[in-house]
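Working notes, structure below.
Everything numeric here is computed off the predicted structure, so don't read it as measured data. Just so we're on the same page: letters track the sequence lines, and every chain starts at 1.
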Protein chains: 2
Amino acid sequence: MTGRPRDPAVDEAIRRAAVDLTEQHGYRGLSMEGIAALSGVSKQTVYRRYRSKGEVVLDALAGYAFTHLPTPDTGSLRGDLTALLTATFAGQQGVNGTLNRALAAEAVQDQAFAALLWEKLIAVRRESVRELLARGRARGEVAHPDDEFLLDLVYGPMWYRLLFDPAALTPAYAAELARSVALVAAGTRP
Amino acid sequence: MTGRPRDPAVDEAIRRAAVDLTEQHGYRGLSMEGIAALSGVSKQTVYRRYRSKGEVVLDALAGYAFTHLPTPDTGSLRGDLTALLTATFAGQQGVNGTLNRALAAEAVQDQAFAALLWEKLIAVRRESVRELLARGRARGEVAHPDDEFLLDLVYGPMWYRLLFDPAALTPAYAAELARSVALVAAGTRP
DNA sequence: ATTTCAATACGAGACGGACCGTATGTCAAC
DNA sequence: GTTGACATACGGTCCGTCTCGTATTGAAAT
């Protein structure tokens with residue numbers, strides 16, 4: 001009934017191999033075969049845990065990447081957004097950005113994977129900002145009734161630039177975006 | 001020097017095959033082999049014209065998809081944006097949306113292709129909106145100095161939803177986005 | 001307490017198949 | 001007759017599955 005338990009070290013080795021390979025050869029150069037080879041396990045062992053290389057990367061990223069999200073409290077919505085976005089953008093410059101873009105590429109071609117990505121990663125980030133909005137609303141800074149739309153306004157430009165021009169995600173861009181979102185949030189919807 | 005000229009009918013057949021295959025089997029199911037087979041030419045003939053399936057799709061899309069972009073003139077920036085975005089969003093619901101998402105997936109993994117996509121498709125769309133902004137500026141509706149940022153505010157949310165949840169691109173969403181962009185555009189940057 | 005047994009994980013490898021990208025010929029158009 | 005379009009053939013990579021033999025667990029039987 002129970003059987004032999006899975007080796008946790010193997011989990012770690014697989015995720016590590018996926019990240020390393022992506023860093024070195026790009027997501028293009030990442031393959032299930034390569035992951036198995038580098039982590040020193042058989043393909044079967046990888047396929048037992050993940051159905052695709054996308055799921056491996058997603059798991060690796062969801063694990064340690066955004067556990068250390070700051071949830072700043074500067075006293076104003078604009079300040080909070082600036083702080084959060086600056087930190088988030090900075091985190092997208094290295095391997096992290098490459099992995100995020102890879103996930104987007106995967107999601108685009110696989111509806112089920114898109115749902116998984118949304119749940120495991122995107123929804124989490126949205127929740128952070130939703131919290132900032134709630135605090136702003138309590139302070140009377142947010143009159144706009146549609147949180148979902150405001151969240152799109154925050155993360156839309158980020159993904160847009162992340163996909164097509166990651167270098168544009170500077171602190172200045174974060175500040176400008178934060179300012180604009182705060183402005184829209186302050187207004188009611190006519 | 002001259003040699004045998006390329007058959008224009010072959011060009012058309014290749015693009016058509018790529019679109020049809022993507023429509024039927026998704027971008028996942030699209031391959032250079034499949035394109036060659038369906039269009040009734042050899043792989044070599046396809047590779048002579050395009051280096052990847054992404055380039056085929058890009059060429060097919062750049063050709064006929066956005067030649068009929070409306071450049072509305074309703075008298076206000078908000079009205080113009082609403083009209084343009086409503087039309088654009090509507091055009092992203094069918095195969096067109098699938099093809100656009102496919103291009104994004106390709107761009108993410110290939111820097112050169114990203115540049116090509118930007119030039120052939122994205123820059124064109126940005127130019128349309130830039131025109132609307134210029135007209136708005138002439139009318140005194142636009143005080144914000146950074147057109148590039150405003151363009152990101154327009155297209156960022158669109159791509160974000162196009163990637164993760166295409167069904168969200170409704171006329172109501174277009175109107176809301178247009179309203180927000182107009183609001184930000186009206187303010188100066190402090 | 002020891003033995004047996006079912007269930008599961010693991011490493012290794014083989015497999016058919018899809019697709020890639022290229023090299024090698026043939027032939028049509030100038 | 002030179003140029004380049006076109007078709008065929010080929011080696012290579014990766015996919016996803018399958019088969020072995022072995023190892024590790026818990027539970028049931030002795």
Side-chain angles (χ1 to χ4, degrees), chain A residues 1-59 102-103 105-110 112-113 116, chain B residues 1-22 24-59 102-103 105-113 116:
Chain A
M1 216 46 160
T2 50
R4 174 178 175 177
R6 291 186 184 174
D7 186 348
V10 168
D11 290 80
E12 181 54 29
I14 289 175
R15 285 192 293 262
R16 181 53 175 265
V19 172
D20 287 356
L21 282 175
T22 303
E23 186 166 13
Q24 290 167 24
H25 308 297
Y27 190 65
R28 265 264 161 76
L30 183 66
S31 68
M32 291 295 259
E33 299 230 357
I35 293 171
L38 183 59
S39 57
V41 305
S42 75
K43 274 205 295 180
Q44 186 62 256
T45 299
V46 182
Y47 274 106
R48 187 173 292 116
R49 288 148 213 262
Y50 304 102
R51 275 174 303 184
S52 68
K53 64 178 185 174
E55 291 194 1
V56 183
V57 171
L58 175 56
D59 194 35
L103 293 177
E106 213 63 53
V108 153
Q109 287 155 310
D110 184 345
F113 187 81
L116 201 63
Chain B
M1 214 46 162
T2 51
R4 176 177 174 178
R6 290 188 184 173
D7 186 348
V10 167
D11 289 83
E12 181 54 29
I14 289 174
R15 285 191 293 263
R16 181 53 176 265
V19 173
D20 287 356
L21 282 174
T22 304
Q24 291 168 22
H25 308 297
Y27 191 64
R28 264 264 160 76
L30 183 65
S31 68
M32 291 295 259
E33 299 232 356
I35 292 170
L38 182 59
S39 58
V41 304
S42 75
K43 276 205 295 179
Q44 185 63 255
T45 299
V46 182
Y47 273 106
R48 194 186 316 284
R49 288 152 217 260
Y50 304 102
R51 275 172 303 184
S52 69
K53 64 177 185 174
E55 292 195 2
V56 183
V57 171
L58 175 56
D59 193 37
L103 293 177
E106 212 63 52
V108 154
Q109 288 155 311
D110 184 345
Q111 193 56 39
F113 187 81
L116 200 64

ask   = What pairs with Arg6(A) under side-chain hydrogen bond (donor to acceptor under 3.5 Å, both in side chains), at least two apart in sequence or on another chain?
value = none
request  = Taking all non-hydrogen atoms of both residues into account, name the closest pair between Ile35(B) and Ser39(B) and its distance.
outcome  = O-OG, 2.6 Å
inquiry  = Using the salt bridge (charged side-chain N to carboxylate O under 4.0 Å, His left out) criterion, which residues pair with Arg51(B)? Sequence neighbours excluded.
reply    = Glu55(B)
task = Apply side-chain hydrogen bond (donor to acceptor under 3.5 Å, both in side chains) to Ser52(A) and list each qualifying residue two or more places apart in sequence or on a separate chain.
result = none
query = Which pair of heavy atoms, one from Ala18(B) and one from Val56(B), lies closest together, and at what distance?
reply = CB-CG1, 3.5 Å
inquiry  = Among residues at least two apart in sequence or on other chains, which ones pass salt bridge (charged side-chain N to carboxylate O under 4.0 Å, His left out) with Arg4(B)?
reply    = none
ask   = Is there a residue in residues 5-15 of chain A whose heavy atoms reach under 4.0 Å of DNA chain C, and which residues are they?
value = Pro5(A), Arg6(A), Asp7(A)
query = What salt bridge (Lys or Arg N to Asp or Glu O under 4.0 Å) pairs are there with at least one residue in residues 34-47 of chain B, not counting sequence neighbours?
reply = Glu33(B)-Lys43(B)
message = Tell me whether Lys53(B) contacts the main-chain N or O of Tyr27(B) through its side chain, where contact means a donor paired with an acceptor under 3.5 Å.
response = yes
query = Whole-Å distance between dT22(C) C1' and Arg48(B) CZ?
reply = 12 Å
Salt bridge (charged side-chain N to carboxylate O under 4.0 Å, His left out) partners for Asp7(B), two or more places apart = none
Atom pairs under 3.5 Å, N or O on each side, protein against nucleotides 19-23 of chain D: can you list them with distances?
{"residue": "dA23(D)", "atom": "N3", "partner": "Arg4(A)", "partner atom": "NH1", "Å": "3.3"}

key: Closest non-hydrogen atom pair, Leu58(A) against Leu103(A)   = N-CD2, 3.7 Å
dG11(C) OP1/OP2 closer than 4.0 Å to side-chain N/O of Thr45(A) = yes
ask   = What is the distance, rounded to the nearest whole Å, between atom CZ of Arg49(B) and atom P of dG4(D)?
value = 14 Å
task = Sequence neighbours left out, what passes salt bridge (charged side-chain N to carboxylate O under 4.0 Å, His left out) with Asp11(A)? Give chain and number order.
result = Arg49(A)
Pairwise N/O distances under 3.5 Å, protein to nucleotides 19-21 of chain C:
{"residue": "dC20(C)", "atom": "OP1", "partner": "Met32(B)", "partner atom": "N", "Å": "3.2"}
{"residue": "dC20(C)", "atom": "OP2", "partner": "Met32(B)", "partner atom": "N", "Å": "3.0"}
{"residue": "dC20(C)", "atom": "OP2", "partner": "Glu33(B)", "partner atom": "N", "Å": "3.1"}
{"residue": "dG21(C)", "atom": "OP2", "partner": "Tyr47(B)", "partner atom": "OH", "Å": "2.8"}
{"residue": "dG21(C)", "atom": "N7", "partner": "Lys43(B)", "partner atom": "NZ", "Å": "3.0"}
{"residue": "dG21(C)", "atom": "O6", "partner": "Lys43(B)", "partner atom": "NZ", "Å": "2.4"}

ask   = Given pairs defined as Watson-Crick or G-U wobble with both distances under 3.5 Å, what dot-bracket annotation applies to DNA chain C, with ( ) intrastrand, [ ] crossing, | other strand and . unpaired?
value = ||||||||||||||||||||||||||||||
message = So, does Thr2(A) get its side chain near the phosphate of dA6(C), meaning an N or O under 4.0 Å from OP1 or OP2?
response = no
note = By side-chain hydrogen bond (donor to acceptor under 3.5 Å, both in side chains), Ser31(A) pairs with (sequence neighbours left out) none
Protein-nucleotide distance (Glu55(A), atom CD; dC15(D), atom P), rounded to Å = 14 Å
message = Evaluate Asp59(A) against Ile14(A) for side chain to side chain contact (heavy atoms under 4.5 Å, CB included), listing each step before the verdict.
response = CA-CA 10 Å; Asp59(A) 194 35; Ile14(A) 289 175; over 6 Å; no
